[in-house]
**Student:** 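Below is a structure I'd like to ask you about.
To find a chain, count down the sequence lines: A is the first, B the second, and so on, and within it residues start at 1. What you see is a predicted model, and the numbers here were worked out from it, not measured in a lab.
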Amino acid sequence: MTKQQANWSPYDNNGGSCVAIAGADYCVIAADTRMSTGYNILTREYSKICKLADKCVMASSGFQADVKALQKQLAARHLIYQHQHNKQMNCPAMAQLLSNTLYYKRFFPYYSFNVLGGLDNEGKGCVFTYDAVGSYEKVGYSSQGSGSTLIMPFLDNQLKSPSPLLLPVQDAVTPLVEAEAVNLVKTVFASASERDIYTGDKLEIVVVTADGIRREYMELRKD
Amino acid sequence: MSKSVVEVPPKGGFSFDLCKRNEMLANKGVNPPSFRKTGTTIVGLIFQDGVILGADTRATEGPIVCDKNCEKIHYMAPNIYCCGAGTAADTEAVTDMVSSQLQLHRYHTGRESRVVTALTLLKRHLFNYQGYVSAALVLGGVDVTGPHLHTIYPHGSTDTLPFATMGSGSLAAMAVFESKYKEGLTRNEGIELVTEAICSGIFNDLGSGSNVDVCVITKGGKEYLRNHLQPNPRTYTSSKGYSFPKKTEVLLTKIIPLKEKVEIIEGGDAMEE
């Protein structure tokens with residue numbers, strides 16, 4: 001008789017994809033709004049994007065219950081920081097906090113695949129990409145979630161920073177204008193919705209600039 | 001050293017020799033390759049003058065759509081069509097095979113094929129393979145005895161029904177049928193209902209999607225409405241388009257000329273005739 005395997009899992013995958021692109025003076029963060037489980041759709045209008053600080057926005061795909069818990073945890077810690085330091089956390093600081101929070105649960109992880117985007121202290125766009133246990137890296141652009149295998153190669157093709165082996169060292173931030181970056185994001189999600197069953201319904205785009213945070217929506221395939 | 005004899009089942013069929021090895025590999029975490037399944041919503045209903053079949057057009061490989069516009073309504077005979085859900089290779093193979101057998105039977109008997117003939121051929125084949133041929137079918141057609149609609153399950157059981165749905169989207173489609181089906185539907189009412197049921201599968205089931213295919217079979221003949229409805233156009237195409245000029249960057253160029261190993265002597269003897 002074969003050993004009985006565990007048939008209850010504390011995790012579930014609610015699907016979806018998210019993308020972030022950093023520009024010279026802006027940052028674009030986008031995610032689809034479909035939440036699913038197995039072959040069923042739970043809702044077509046679920047926001048995976050959360051504003052953590054004034055100039056810092058996070059998009060997460062994976063298990064939304066864990067994502068929600070993670071967002072609450074970060075919000076609470078941010079509030080404490082504000083009380084102690086009398087100012088908002090900047091993006092690189094929030095990036096480190098997120099990494100620490102994820103690693104804290106190294107042996108029962110948050111099933112959450114995150115991209116953090118915003119403006120750093122100098123007003124330049126920055127994007128941080130994470131794995132489920134907190135390993136992170138500052139990059140020029142990134143995607144996570146079920147459609148990331150479809151989206152990332154295209155972003156690499158259009159935005160890829162030249163090889164770090166080339167000298168002189170060139171900047172990771174894209175030279176694209178904000179409108180072009182938003183256009184790119186829309187194209188990428190429309191394409192991902194064609195081939196990934198978990199991506200679709202609606203696209204939520206958040207743009208962080210010196211003037212503030214702007215939100216935009218676009219319809220995606222509903223099948 | 002003992003002689004090893006490969007056990008081949010008589011008259012073909014499946015050999016289960018590698019099952020133990022597969023189990024061992026699975027325990028080690030090596031997963032078998034996934035099959036291309038047609039996630040699928042397929043339906044059929046009987047109306048006033050005959051049978052209407054419907055299907056979506058999405059084929060999936062796990063979470064990825066591998067074909068956005070595949071054909072799931074297969075030809076069996078001029079008066080019989082069959083929708084297939086499950087493993088794509090299995091549905092194709094089994095419907096092609098039975099379609100050939102029906103044609104030979106038509107030549108032999110000199111008569112139009114009957115739906116029950118196709119039904120029996122399919123269920124005998126599927127039962128023989130004990131469910132390993134993963135094909136779930138909705139078979140419909142009109143013959144001398146009248147209109148017929150059947151569902152066939154991978155293990156070989158069949159049902160005869162006035163309306164039927166199969167596939168991962170079958171619940172979504174059946175919900176529509178159970179609410180709106182009535183006997184004696186007209187052609188247009190029937191097509192509309194079938195389209196509605198398939199759309200329900202397309203939008204509510206992630207395994208189904210893209211377009212609606214419809215096939216109307218009556219005593220007079222058949223009408224195959226490929227892509228009868230296309231409710232999922234691409235949502236966004238960039239007006240400027242994208243260029244792909246970047247080549248792989250050259251980081252380093254180093255040329256090493258090949259050393260000559262053999263001396264080439266000019267003007268050797270011509271080959272003898």
Side-chain angles (χ1 to χ4, degrees), chain A residues 2-3 5 13 15-17 32 34-42 44 145-147 149-150 153-167 170 179-180 182-203 205 218-223, chain B residues 19-20 23-24 26-27 37-41 56-69 167-172 198-212 229-252:
Chain A
T2 46
K3 190 170 167 190
Q5 303 282 359
N13 190 353
S17 320
D32 70 321
R34 171 179 284 174
M35 184 163 149
S36 50
T37 171
Y39 272 130
N40 301 312
I41 297 178
L42 291 170
R44 298 192 194 270
S146 59
T149 45
L150 298 165
F154 185 67
L155 291 181
D156 279 341
N157 181 275
Q158 296 293 311
L159 300 174
K160 186 162 183 67
S161 10
S163 169
L165 297 172
L166 282 175
L167 292 171
Q170 289 175 35
E180 290 176 321
V182 171
N183 193 33
L184 182 62
V185 160
K186 288 181 180 176
T187 305
V188 138
F189 269 92
S191 306
S193 309
E194 297 272 320
R195 292 286 175 175
D196 178 26
I197 61 178
Y198 297 117
T199 302
D201 291 331
K202 228 165 35 169
L203 171 63
I205 307 173
M218 185 187 89
E219 295 297 315
L220 292 173
R221 276 176 77 128
K222 303 198 174 339
D223 65 352
Chain B
C19 282
K20 266 211 151 182
E23 202 186 308
M24 186 270 292
N27 288 335
K37 307 194 95 193
T38 50
T40 309
T41 308
D56 75 306
T57 60
R58 171 183 282 182
T60 53
E61 240 162 20
I64 302 294
V65 176
C66 56
D67 192 343
K68 291 189 273 188
N69 204 190
S168 59
S170 63
L171 271 68
I198 296 290
C199 280
S200 171
I202 284 174
F203 292 113
N204 299 109
D205 174 41
L206 296 176
S208 315
S210 296
N211 315 122
V212 182
L229 192 67
Q230 293 179 306
N232 287 298
R234 192 190 160 87
T235 47
Y236 182 79
T237 324
S238 166
S239 46
K240 276 180 284 144
Y242 290 93
S243 58
F244 300 89
K246 296 184 195 178
K247 301 171 291 218
T248 314
E249 298 150 30
V250 177
L251 295 176
L252 171 66

**Student:** Is a side-chain N or O of A/D223 found less than 3.5 angstrom from the main chain of B/S210, in a donor-acceptor match?
**Tutor:** yes
**Student:** Would you mind reporting whether B/V65 and A/I197 have side-chain heavy atoms less than 4.5 Å apart?
**Tutor:**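 They are in side-chain contact.
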**Student:** Where does A/L203 contact chain B at under 4.5 Å (heavy atoms): side chain, backbone, both or neither?
**Tutor:** neither
**Student:** Hey, mind stepping through B/R234 and A/S191 against side chain to side chain donor-acceptor pair (under 3.5 Å) and telling me if it holds?
**Tutor:** CA-CA 8 Å; B/R234 192 190 160 87; A/S191 306; 2.9 Å; yes
**Student:** Going by heavy atoms in the side chains, are B/T235 and A/S193 under 4.5 Å from each other?
**Tutor:** no
**Student:** Return yes if some donor-acceptor pair links the side-chain N/O of A/R195 with the main-chain N/O of B/C66 below 3.5 Å, else return no.
**Tutor:** yes
**Student:** I need the A/Y39 OH to B/T60 OG1 distance, nearest 0.5 Å.
**Tutor:** 4.5 Å
**Student:** What heavy-atom pair brings B/L206 and A/S36 nearest, and what distance separates the two atoms?
**Tutor:**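 Here B/L206 and A/S36 meet closest at CD1-CB, 3.6 Å.
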**Student:** Looking only at heavy atoms, which two atoms of B/S238 and A/N183 are closest? And how far apart?
**Tutor:**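 It is OG-ND2, 3.0 Å.
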**Student:** Restricting to non-hydrogen atoms, name the atom on A/Q158 and the atom on B/Y242 that form the minimum distance, rounded to 0.1 Å.
**Tutor:** OE1-CD2, 3.4 Å
**Student:** A quick test of your reading: do over 12 heavy atoms of other residues, nucleotides or ligands sit less than 6.0 Å from CG of B/L171?
**Tutor:** no
**Student:** Relative to chain A, which segment of B/P233 carries a heavy atom at a distance below 4.5 Å: side chain, backbone, both, or neither?
**Tutor:**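 Looking at B/P233, just its backbone touches chain A.
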**Student:** Within this structure, what is the CG-CG distance for the pair A/N40 and B/N204, rounded to the nearest 0.5 Å?
**Tutor:**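 So the CG of A/N40 and the CG of B/N204 are separated by 9.0 Å.
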**Student:** Quick check on A/S146 against chain B: is it the side chain, the backbone, both or neither that has a heavy atom closer than 4.5 Å?
**Tutor:** neither
**Student:** Compare all side-chain heavy atoms of B/Y236 with those of A/V185 and state whether any distance is below 4.5 angstrom.
**Tutor:**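 With C-beta onward as the side chain, the pair stays apart.
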**Student:** Counting heavy-atom pairs under 4.5 Å with chain B, which one of A/E219, A/E194, A/E180 comes out on top?
**Tutor:** A/E194
**Student:** Look at B/N232, B/T237, B/I64, B/D205 and state which one has the largest set of heavy-atom pairs under 4.5 Å with chain A.
**Tutor:**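 Among B/N232, B/T237, B/I64, B/D205, the one with the most close pairs to chain A is B/N232.
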